[in-house]
Amino acid sequence: MSTDASPHPTPGLDDPGAVSTLGTLLVAAGYTADGLKERLGVDGELHARASDIPVLLQRVSDGTPVDTLIRLFFLGDQVSWQDSAAALPGLDPDRLVAAGVLEAPGDDVRATVRLVPHKDVLVAYEPGAEPPEGSHLLANMTVRMHFVSALQAEAATGMHALLAARHTDRAVAVEADARALTLIRLGALLNALDNLEAVEGDDLEPIAGHSYGLIVAGPPRVLSPDEDDRADTRCRELVKEVASHLSEGGFAHVLVTWVLGTGEDWWVPLEQWVTGTGCDALLLLEGEDDPAGYAAAHADPGSLARWTGFLRDLAADRVASGAIVLRRRSRGTNWARHEVIPETEIGPAGDQIVRTFVNHDLLASLPTEDQLLDEVLAVVEPQRIEQIWRHKDEGLELESARVRLEWGLGFSVSVDAYTIELLARVDGRRRLRDLFTEIARESQLEEDSVARAGLPAVRRLLELGFLARAS
């Protein structure tokens with residue numbers, strides 16, 4: 001039994017078989033993202049803040065194996081040795097105690113780590129810890145195609161390296177903190193991932209001279225007067241470092257924070273960050289606050305004045321947060337586009353990210369917009385059209401309409417009746433020119449005027465990934 005006086009002993013890796021078996025048994029018992037959400041009655045992201053735990057414990061009080069495991073590994077509760085053994089058939093809890101994954105005060109056991117399922121991996125955290133802010137956005141944005149190699153910079157507990165190891169030949173997580181490295185290695189064992197390497201080191205020095213097809217980085221990005229290094233400065237430096245380690249054609253995703261001066265467009269500083277990197281860039285705004293609002297969101301009440309003064313000393317009119325997606329492309333002139341992430345639920349958007357880059361390449365390759373008329377396009381599902389109609393004396397009149405992506409980054413575009421007609425006809429077989437001709441003929445309008453009116457909407461739908469070049 002462990003009587004270690006420290007808050008939690010560091011898990012050991014001396015019995016990898018016990019840890020791997022634990023991961024298998026957890027998943028088999030339903031200890032998955034969907035399983036926990038169902039049992040805990042949680043919508044959206046999985047959270048268990050200290051104030052929520054008493055209520056959540058009541059929801060998993062039936063004594064079933066999965067309830068016991070949730071209490072033990074997610075909510076941080078003590079359970080009896082007998083209950084833990086019943087919930088983990090074939091795995092003696094004493095092996096997990098010896099491995100440092102459990103400790104045994106008296107006749108009970110409790111976890112020395114918190115195991116949080118995200119998508120199809122289990123991530124090990126410190127007890128009571130939550131995934132870092134922005135983790136779910138970053139994971140959903142990440143391109144999930146096959147890569148030879150992937151890197152998570154400033155990896156913390158390695159969520160993104162674990163996810164990347166599922167679809168790459170080799171994943172590397174770089175982290176300076178020794179306990180975090182142990183948690184990453186523990187996560188690799190829990191998920192039976194033998195292609196994940198955790199490397200100790202500051203910044204990206206340990207992987208100097210290496211390049212990767214996929215890079216993910218979620219650095220600490222709270223701009224605080226209590227930190228020696230400014231978060232916005234570190235984000236800017238990290239973007240350039242990450243770009244230098246990106247393989248040709250590869251993608252990088254970096255969460256960032258930056259300061260905006262009075263009247264400054266939010267994307268201007270980010271455009272300066274990516275200039276000269278040899279990469280195309282998609283710049284995404286998540287949100288922005290004035291100094292008072294930013295301080296209120298991040299500081300305790302007694303520190304508000306100090307935080308606000310710190311931000312004003314930086315000449316910050318607003319503090320912005322968001323993400324940069326890079327794609328290395330050494331030939332030709334690199335481009336940068338900017339978009340605002342809608343305030344809606346974000347789903348897996350990797351395919352959408354790739355599509356926006358491919359579509360921008362297409363648009364940039366056309367000498368004139370009229371040449372878009374000769375393209376054959378297809379509608380990307382799932383999307384829906386939302387329409388508002390108003391009663392007029394002569395009947396119903398379309399007041400407004402938007403086409404909205406139902407998944408991914410959830411963009412929407414305002415469209416008119418003719419664009420709706422166009423989307424209904426896009427079938428992956430006919431040229432845009434032929435579709436506009438058909439609409440013009442049925443509406444008794446001039447073909448040229450219909451096409452010229454519709455092309456800007458088509459361009460915008462391509463930019464945001466609603467449409468794709470037909471294969």
Side-chain angles (χ1 to χ4, degrees), residues 37 43-45 136-137 140-141 266-267 282-288 322-323 325 337-360 362-363 369 372-373 375-430 432 434-445 449-470:
K37 288 177 184 179
D43 292 326
E45 299 174 8
H136 293 275
L137 170 64
N140 278 325
M141 285 173 40
W266 69 262
W267 60 86
L282 177 61
L283 315 175
L284 297 168
L285 175 67
E286 186 180 7
E288 52 185 343
V325 184
R337 284 189 49 240
H338 56 270
E339 301 290 348
V340 177
I341 300 174
E343 293 184 4
T344 185
E345 183 180 356
I346 303 300
D351 290 346
Q352 181 186 5
I353 294 289
V354 173
R355 195 160 53 247
T356 61
F357 277 80
V358 171
N359 287 355
H360 193 87
L362 167 63
L363 293 169
E369 192 167 71
L372 188 55
L373 292 170
E375 293 293 327
V376 178
L377 303 178
V379 171
V380 176
E381 299 291 351
Q383 58 182 267
R384 67 177 184 269
I385 297 174
E386 301 168 348
Q387 303 179 57
I388 298 177
W389 294 80
R390 186 175 296 278
H391 278 282
K392 296 288 186 179
D393 291 339
E394 60 274 17
L396 289 175
E397 179 181 277
L398 180 63
E399 181 175 270
S400 65
R402 299 191 72 83
V403 56
R404 186 179 304 276
L405 286 172
E406 292 189 308
W407 206 226
L409 294 178
F411 291 124
S412 67
V413 177
S414 179
V415 293
D416 59 18
Y418 295 113
T419 305
I420 295 172
E421 284 285 341
L422 176 69
L423 289 171
R425 299 165 195 259
V426 170
D427 55 10
R429 297 191 301 273
R430 294 181 290 171
L432 276 177
D434 299 328
L435 300 179
F436 280 126
T437 298
E438 188 174 273
I439 294 170
R441 182 173 62 251
E442 293 181 5
S443 305
Q444 298 183 338
L445 297 171
S449 63
V450 171
R452 292 194 178 280
L455 279 177
V458 171
R459 184 182 186 91
R460 186 63 179 147
L461 291 168
L462 280 165
E463 288 175 343
L464 296 180
F466 288 80
L467 296 173
R469 206 175 202 173

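Since this is a predicted model, take the numbers as computed values, not measurements.
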Participant: What distance do Arg429 atom CZ and Leu377 atom CG have between them, rounded to the nearest 0.5 Å?
Facilitator: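 One finds 13.5 Å between CZ of Arg429 and CG of Leu377.
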Participant: Determine yes or no for a side-chain-to-main-chain donor-acceptor pair under 3.5 angstrom, with Asn359 supplying the side chain and Leu467 the backbone.
Facilitator: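 Yes.
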Participant: Let me see the working for Glu45 and Lys37 under salt bridge (Lys or Arg N to Asp or Glu O under 4.0 Å), right down to the final yes or no.
Facilitator: CA-CA 8 Å; Glu45 299 174 8; Lys37 288 177 184 179; over 6 Å; no
Participant: Could you tell me if the side chain of Val376 sits less than 4.5 Å from the side chain of Asp427, heavy atoms only?
Facilitator: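 No, too far: nothing below the 4.5 Å cut-off.
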Participant: Enter the distance from Thr356:OG1 to Arg337:CZ here, rounded to the nearest 0.5 Å.
Facilitator: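 If I round to the nearest 0.5 Å, the distance is 6.0 Å.
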Participant: Should Glu386 and Arg402 count as an ion pair when the cut-off is N to O under 4.0 Å?
Facilitator: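 Looking at Arg402 together with Glu386, the answer is no, because their closest N to O distance does not fall below 4.0 Å.
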Participant: Classify the angle between the aromatic ring planes of Trp266 and His338 as parallel (below 30°), tilted (30 to 60°) or perpendicular (above 60°).
Facilitator: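 Because their plane-to-plane angle is over 60°, the rings of Trp266 and His338 count as perpendicular.
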Participant: Closest approach of Leu423 and Ile385, non-hydrogen atoms and distance?
Facilitator: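 Looking at all heavy atoms of both residues, the closest pair is CD1-CD1, 4.2 Å.
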Participant: Please report the C-alpha distance between Leu398 and Ile420 in whole Å, then the side-chain angles of each, then the deciding distance to 0.1 Å, and finally whether the side-chain contact (heavy atoms from CB on, under 4.5 Å) criterion is met.
Facilitator: CA-CA 11 Å; Leu398 180 63; Ile420 295 172; 4.3 Å; yes
Participant: Would you be so kind as to tabulate the donor-acceptor pairs closer than 3.5 Å made by side chains of residues 343-350, with sequence neighbours excluded?
Facilitator:
none

Participant: Is any side-chain heavy atom of Glu375 closer than 4.5 Å to a side-chain heavy atom of Leu362?
Facilitator: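 Sidechains of Leu362 and Glu375: in contact.
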Participant: Before you tell me yes or no, could you show the steps for Gln387 and Glu399 under side-chain contact (heavy atoms from CB on, under 4.5 Å), namely the whole-Å CA-CA distance, both residues' side-chain angles and the distance that decides it to 0.1 Å?
Facilitator: CA-CA 8 Å; Gln387 303 179 57; Glu399 181 175 270; over 6 Å; no
Participant: Can you check whether Ala440's main-chain N or O pairs, donor with acceptor, with Ser443's side chain at less than 3.5 Å?
Facilitator: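 Here the side-chain-to-backbone pair does not exist.
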Participant: Could you tell me the separation between the OG atom of Ser412 and the CD atom of Glu406, rounded to the nearest 0.5 Å?
Facilitator: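 The distance works out to 12.5 Å.
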Participant: A side-chain contact here means heavy atoms from C-beta on lying under 4.5 Å apart; do Met141 and Val325 qualify?
Facilitator: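 Yes. Closest side-chain heavy atoms under 4.5 Å.
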Participant: Considering all heavy atoms of both residues, which atom of Leu396 and which atom of Trp389 are nearest to each other, and what is their separation?
Facilitator: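 The answer is CB-CE3, 3.9 Å.
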Participant: Which atoms form the tightest heavy-atom contact between Ala470 and Gly428, and what is the distance?
Facilitator: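 In terms of heavy atoms, the two residues are closest at CB-O, 3.6 Å.
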Participant: I need the Ile439 CD1 to Arg425 CZ distance, nearest 0.5 Å.
Facilitator: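 Reported to 0.5 Å precision, the distance equals 5.0 Å.
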Participant: Given Leu432 and Leu422, is the side-chain contact (heavy atoms from CB on, under 4.5 Å) satisfied, shown in steps?
Facilitator: CA-CA 9 Å; Leu432 276 177; Leu422 176 69; 4.0 Å; yes
Participant: Check salt bridge (Lys or Arg N to Asp or Glu O under 4.0 Å) between Arg452 and all other residues, then give those that pass, not counting sequence neighbours.
Facilitator: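 For Arg452 the salt bridge (Lys or Arg N to Asp or Glu O under 4.0 Å) partners, ignoring immediate neighbours, are Asp370, Asp448.
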Participant: Heavy atoms only: give me the nearest Phe436-Val458 pair and the separation to one decimal.
Facilitator: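 Minimum heavy-atom separation between Phe436 and Val458: CZ-CG2, 4.2 Å.
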Participant: Would you compute the distance between atom CG of Leu445 and atom OH of Tyr418 and round it to the nearest 0.5 angstrom?
Facilitator: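 The OH atom of Tyr418 is 4.5 Å from CG of Leu445, to the nearest 0.5 Å.
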Participant: Could you go through Gln383 and Phe466, starting from their C-alpha distance and side-chain angles, then the distance that decides it, and tell me whether this counts as side-chain contact (heavy atoms from CB on, under 4.5 Å)?
Facilitator: CA-CA 8 Å; Gln383 58 182 267; Phe466 288 80; 3.6 Å; yes
Participant: Quick one: salt bridge (Lys or Arg N to Asp or Glu O under 4.0 Å) partners of Arg441, sequence neighbours excluded?
Facilitator: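 None.
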Participant: Using a strict 4.0 Å threshold on nitrogen-to-oxygen distance, state whether Arg355 and Glu463 make a salt bridge.
Facilitator: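 Salt bridge: no.
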Participant: Salt-bridge test for Arg390 and Glu397: reply yes if a basic N is under 4.0 Å from a carboxylate O, no otherwise.
Facilitator: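 No, this pair does not count.
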Participant: Under a 3.5 Å threshold, yes or no: a donor from one side chain and an acceptor from the other, between Thr419 and Asp416?
Facilitator: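 Yes, because at least one side-chain N or O of Thr419 sits under 3.5 Å from a partner of the opposite role on Asp416.
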Participant: I'd like to know if the side chain of Gln352 and the backbone of Leu409 have a donor-acceptor N/O pair within less than 3.5 Å.
Facilitator: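 Yes, because the side chain of Gln352 sits within donor-acceptor range (under 3.5 Å) of the backbone of Leu409.
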Participant: Just by distance, do the side chain of Glu339 and the backbone of Leu282 share a donor-acceptor pair under 3.5 Å?
Facilitator: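 Here the side-chain-to-backbone pair does not exist.
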Participant: Can you measure from NE2 (His360) to CG (Leu464) and round to the nearest 0.5 angstrom?
Facilitator: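 Going from the NE2 atom of His360 to the CG atom of Leu464 covers 12.0 Å.
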Participant: Would you check if Ile341 and Leu137 make a side-chain contact, meaning some heavy-atom pair closer than 4.5 Å?
Facilitator: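 Touching, per the 4.5 Å side-chain cut-off.
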